[in-house]
**Q** 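So that we are looking at the same thing, I have put the structure below in structure tokens.
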Protein chains: 2
Amino acid sequence: MTDTPARIGTAPTLHDVAREAGVSLATASRVLNGSTRKVAEAYRERVQTAADRLGYTANVSAQAIARGTSATVALIVADIADPYFGQIASGVAHAAEEAGLIVTVAMTERDPRREVALVRALRGQRPRGIVLAASRDASGDADALTAEIAAVQSTGGRVVTLGSALPGTRVIAYGNEAGAHELGERLAGLGYRSSVVLAGPEGLRTSDDRLAGFTAGFAAGGGSAPRVERGQISRDDGFASMTRLLQEGVDPGTLVFGISDVVAIGALSALRDAGRQPGRDIAVAGFDDIATGRDITPGLTTVRLPLEELGAQALHAAVDPDWTAPAPVDLDVLIRESTPGL
Amino acid sequence: MTDTPARIGTAPTLHDVAREAGVSLATASRVLNGSTRKVAEAYRERVQTAADRLGYTANVSAQAIARGTSATVALIVADIADPYFGQIASGVAHAAEEAGLIVTVAMTERDPRREVALVRALRGQRPRGIVLAASRDASGDADALTAEIAAVQSTGGRVVTLGSALPGTRVIAYGNEAGAHELGERLAGLGYRSSVVLAGPEGLRTSDDRLAGFTAGFAAGGGSAPRVERGQISRDDGFASMTRLLQEGVDPGTLVFGISDVVAIGALSALRDAGRQPGRDIAVAGFDDIATGRDITPGLTTVRLPLEELGAQALHAAVDPDWTAPAPVDLDVLIRESTPGL
DNA sequence: GACTTCTGCTCCTTGGCCCCC
DNA sequence: CGGGGGCCAAGGAGCAGAAGT
């Protein structure tokens, strides 16, 4: 391919291509990047040939700086290894690919304070948009975050939040509270009366909303106010909370609501490890409907979130100039064997 | 924060900071990016203050073009929603964070031909390194890929492959064949004599190596040559292959080896859906030890791969100038309830 | 004479404008 | 007159060498 590798240690530049083809920089640029202006077929071919021979690839950094905008979108998640974020990221990446954009990923590692630092760092890329998928802590440094977001927007970047709204940003809303409300009501309808919620840290929007919705719904269905245990929203913390709970004693017939599927799945494992029979003995429900939920036993009752779809929507919100907030996705409650009813 | 938002629509530049602080561009640059040359404390402070006041963040594109290298590492996976890749990505992202690098993610969507296109596209970023985590198809356009890789390297970028070696690249090796060999031998030792391997497409290195290792090991332990079913390496294809297999008839006591955990987990679900009892009736084993494996029942027999650790190693290989190939990680066989023995 | 600061050039690409056929 | 090619400045930042105190 590269029989004329240009100078070693340096990628061939547009300059190299132009010289090789015997045309001007401008002409080469017009051929290789679909400008509006036309170039005669003969020239076009010469340039293309030269580019192929040299193995030329446009330097995106240079393009970004010349065009004043980069073909990049940043995605901030809590932990990319968490299937919830993995599926969202997949949706974002897929849609980005179709839009010809490159995705940059950063993780907060569940520390809400890191989010500000990440937005700041990512801002250096002058990304087309930033998707904030990690749930935000209400107690975090909201002012600093707001300032960073404003800074991103002042450079033409769009900020999109998934789930919990943030002033001045585009939001992909999905009814956490309503979904959890229906879940609570349906489960109460199955006969459950006492429940425990394995929630996230107090102040975490997603968790707070789901907790509130569930509590109200469960009560509406005739259940009593749930006991609340807190931990991080992770499989391991779900496991730990459930283990702790079991040591303190949990009555058979109790319903355990994991604030998200990963938490619920951790709880299921804890139950099993303790010799209890998840489903029959103690019921468990989650939220999100991550793919893993199909493969565990008993099947996990949950509220379905079209994660990949949400990711794709977030990407579009980040790049479409004339985006209008779509109707909030409606969530379906999926009753499975982990809550057979009393 | 930004009480002097500079011109609207544009991020503050180094120029703005220098003017605000009343110093030269060079001085401002040296303060804000740790050059080797020193700047008097008084100036340093003035510059820093001005930068903070303006909310200045270096334009990484401009830096990349000026320095000739970007603080970026690209990661190519098959599908970020797949927990296997998710955990690897987590390791990469974590290590990148510590090294002050930004990670760009692209997915091949399991089409090996897309890999070439992605490397080419990502090459435009002039990344410090590219980590190829998606398994390669031997039948793919090896020449084109080799050319792209050479191009990346000629610009000072390092290419790292995970698992399957590729000429001229740094490799994070882990003994697929040896691990599968031991797995096969151990399982034969548990009494299994007939087996089916749910493999990936023929030519896919990871799959081929594991298949070969398993076949040899299973034979060494007294088992007979396995039947081979093929599909993509995904949960859904594992499910589909197993379903097909069951329709054709599978004898109780058969061992099913899913070429990776996701495949094995799909097979487990297919068995369950068909009313068979995974574990007792038909045994199942996987490979990778993804986190999900802990939460399914029966526990999945598998070969442990320290995925996040491998991801971190890959990142280091991509950035450390004087990197030396670490000893290949040794893999542990984990026998769980999905293969109780005959 | 020893530092530190400043000036000027460079990186790679795009886009406006001029000019030629 | 119009289609199409070429020249040149801009865009944000780094680095080497010259100049300042």
Side-chain angles (χ1 to χ4, degrees), chain A residues 6-7 9-48 50-51 54-72 123-127 154-156, chain B residues 6-7 9-47 50-51 54-72 123-127 155-156:
Chain A
R7 295 145 289 171
T10 322
T13 71
L14 189 60
H15 218 97
D16 298 328
V17 176
R19 181 152 31 76
E20 178 88 4
V23 301
S24 73
L25 264 176
T27 304
S29 173
R30 289 199 267 261
V31 171
L32 298 172
N33 76 18
S35 113
T36 44
R37 291 181 52 169
K38 288 183 178 174
V39 174
E41 193 52 39
Y43 280 82
R44 153 162 270 106
E45 208 162 303
R46 266 165 55 195
V47 172
Q48 195 59 61
L54 296 175
Y56 171 78
T57 299
N59 182 325
V60 297
S61 293
Q63 293 194 131
I65 176 174
R67 294 207 250 245
T69 169
S70 74
T72 292
R123 183 149 78 76
Q125 288 191 77
R126 305 289 184 268
S154 80
T155 72
Chain B
R7 294 145 290 173
T10 321
T13 72
L14 190 59
H15 218 97
D16 298 328
V17 176
R19 180 154 31 77
E20 178 88 4
V23 301
S24 74
L25 261 177
T27 302
S29 172
R30 287 199 270 270
V31 170
L32 299 172
N33 76 19
S35 117
T36 44
R37 294 163 71 159
K38 288 180 179 174
V39 175
E41 191 52 38
Y43 281 83
R44 151 163 271 105
E45 208 162 302
R46 264 165 57 195
V47 172
L54 296 174
Y56 171 78
T57 300
N59 182 325
V60 296
S61 292
Q63 292 194 135
I65 179 176
R67 292 207 250 247
T69 171
S70 70
T72 290
R123 182 149 79 75
Q125 287 192 77
R126 306 288 183 267
T155 72

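Note that the structure is a prediction, hence the values are computed from the model and not measured. Residue numbers start from 1 in every chain, and the chains themselves are labelled A, B, ... in the order their sequence lines are given, proteins ahead of strands.
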**Q** Whole angstrom is fine here: how far is it from CG in A/Asn59 over to C1' in C/dC11?
**A**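 For the pair A/Asn59 CG and C/dC11 C1', the rounded distance is 9 Å.
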**Q** Looking only at heavy atoms, what is the nearest atom pair of B/Pro12 and B/Gly55, with distance?
**A**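 Heavy atoms only, the tightest pair is CG-O, 4.0 Å.
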**Q** Shortest non-hydrogen contact from B/Leu14 to B/Ala28?
**A**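 That closest heavy-atom pairing would be CD1-CB, 3.9 Å.
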**Q** Are any non-hydrogen side-chain atoms of A/Val31 and A/Gln48 less than 4.5 angstrom apart?
**A**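 Yes, close enough: below the 4.5 Å cut-off.
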**Q** Tell me whether the OP1 or OP2 atom of C/dT14 has a side-chain N or O from A/Asn33 closer than 4.0 Å.
**A**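 For C/dT14, OP1/OP2 do have a side-chain N/O of A/Asn33 under 4.0 Å.
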**Q** For B/Ala66 and A/Ala66, find the nucleotide of DNA chain C closest to each by heavy atoms; which residue's nucleotide sits nearer the 5' end?
**A**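 It is B/Ala66, whose closest nucleotide lies nearer the 5' terminus.
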**Q** With a 4.0 Å cutoff (strictly under), does any side-chain N or O of A/Ser29 reach OP1 or OP2 of C/dT14?
**A**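 Yes, because at least one side-chain N or O of A/Ser29 sits under 4.0 Å from OP1 or OP2 of C/dT14.
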**Q** Using atom CG of A/Leu14 as one end and atom P of D/dG11 as the other, report the distance to the nearest whole Å.
**A**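 Spelled out: CG on A/Leu14 to P on D/dG11 is 19 Å.
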**Q** Is any side-chain nitrogen or oxygen of A/Tyr56 closer than 4.0 Å to OP1 or OP2 of C/dC12?
**A**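 So the side-chain polar atoms of A/Tyr56 never come under 4.0 Å of the phosphate oxygens OP1 or OP2 of C/dC12.
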**Q** Rounding to an integer number of Å, can you tell me how far B/Gln125 CD sits from C/dT13 C1'?
**A**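 It works out to 17 Å between those atoms.
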**Q** Could you report the tightest heavy-atom contact between B/Thr155 and A/Thr10, atom names first, then the distance?
**A**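 B/Thr155 and A/Thr10 have their closest heavy atoms at CG2-C, 4.3 Å.
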**Q** A/Arg123: what forms a salt bridge (Lys or Arg N to Asp or Glu O under 4.0 Å) with it, not counting sequence neighbours?
**A**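 Salt bridge (Lys or Arg N to Asp or Glu O under 4.0 Å) check on A/Arg123 returns A/Glu148.
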**Q** Find the distance B/His15:NE2 to C/dT7:P and express it as a whole number of Å.
**A**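 Taking atom P of C/dT7 as the reference, NE2 of B/His15 is at 11 Å.
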**Q** Any idea which of C/dT14, D/dG12, D/dG14 is nearest the A/Ile65 side chain?
**A**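 The closest nucleotide is D/dG12.
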**Q** Taking the nucleotide of DNA chain C with the closest heavy atom to each, which residue, A/Gln63 or B/Arg67, is nearer the 5' end?
**A**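 The residue mapped nearer the 5' terminus is B/Arg67.
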**Q** With a non-hydrogen cut-off below 4.0 angstrom, is A/Ala64 in contact with a base, only sugar-phosphate, or nothing?
**A**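 Counting heavy atoms under 4.0 Å across all strands, no contact is made by A/Ala64.
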**Q** Heavy atoms, side chains only, cut-off 4.5 Å: are A/Asn33 and A/Ser29 in contact?
**A**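 In contact.
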**Q** Which residues satisfy the side chain to side chain contact (heavy atoms under 4.5 Å, CB included) test with A/Val60, sequence neighbours excluded?
**A**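 For A/Val60 the side chain to side chain contact (heavy atoms under 4.5 Å, CB included) partners, ignoring immediate neighbours, are A/Gln63, B/Gln125.
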**Q** How close or far is atom C1' of C/dT13 from atom CG of A/Leu32, stated in whole angstroms?
**A**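 For the pair A/Leu32 CG and C/dT13 C1', the rounded distance is 11 Å.
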**Q** Could you list the protein-to-nucleotides 3-8 of chain D atom pairs, N/O on both sides, closer than 3.5 Å?
**A**
{"residue": "D/dG5", "atom": "OP1", "partner": "A/Ala40", "partner atom": "N", "Å": "2.8"}
{"residue": "D/dG5", "atom": "OP2", "partner": "A/Lys38", "partner atom": "O", "Å": "3.2"}
{"residue": "D/dG5", "atom": "N7", "partner": "A/Arg37", "partner atom": "NH2", "Å": "2.6"}
{"residue": "D/dG5", "atom": "O6", "partner": "A/Arg37", "partner atom": "NH1", "Å": "3.3"}
{"residue": "D/dG5", "atom": "O6", "partner": "A/Arg37", "partner atom": "NH2", "Å": "2.4"}
{"residue": "D/dG6", "atom": "OP2", "partner": "A/Ser24", "partner atom": "N", "Å": "3.2"}
{"residue": "D/dG6", "atom": "OP2", "partner": "A/Ser24", "partner atom": "OG", "Å": "3.0"}
{"residue": "D/dG6", "atom": "OP2", "partner": "A/Thr27", "partner atom": "OG1", "Å": "2.5"}
{"residue": "D/dG6", "atom": "N7", "partner": "A/Arg30", "partner atom": "NH2", "Å": "2.9"}
{"residue": "D/dG6", "atom": "O6", "partner": "A/Arg30", "partner atom": "NH1", "Å": "3.3"}
{"residue": "D/dG6", "atom": "O6", "partner": "A/Arg30", "partner atom": "NH2", "Å": "3.2"}
{"residue": "D/dG6", "atom": "O6", "partner": "A/Arg37", "partner atom": "NH1", "Å": "3.4"}

**Q** Atom CZ of B/Arg19 to atom C1' of D/dG12: distance rounded to whole Å?
**A**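 It works out to 14 Å between those atoms.
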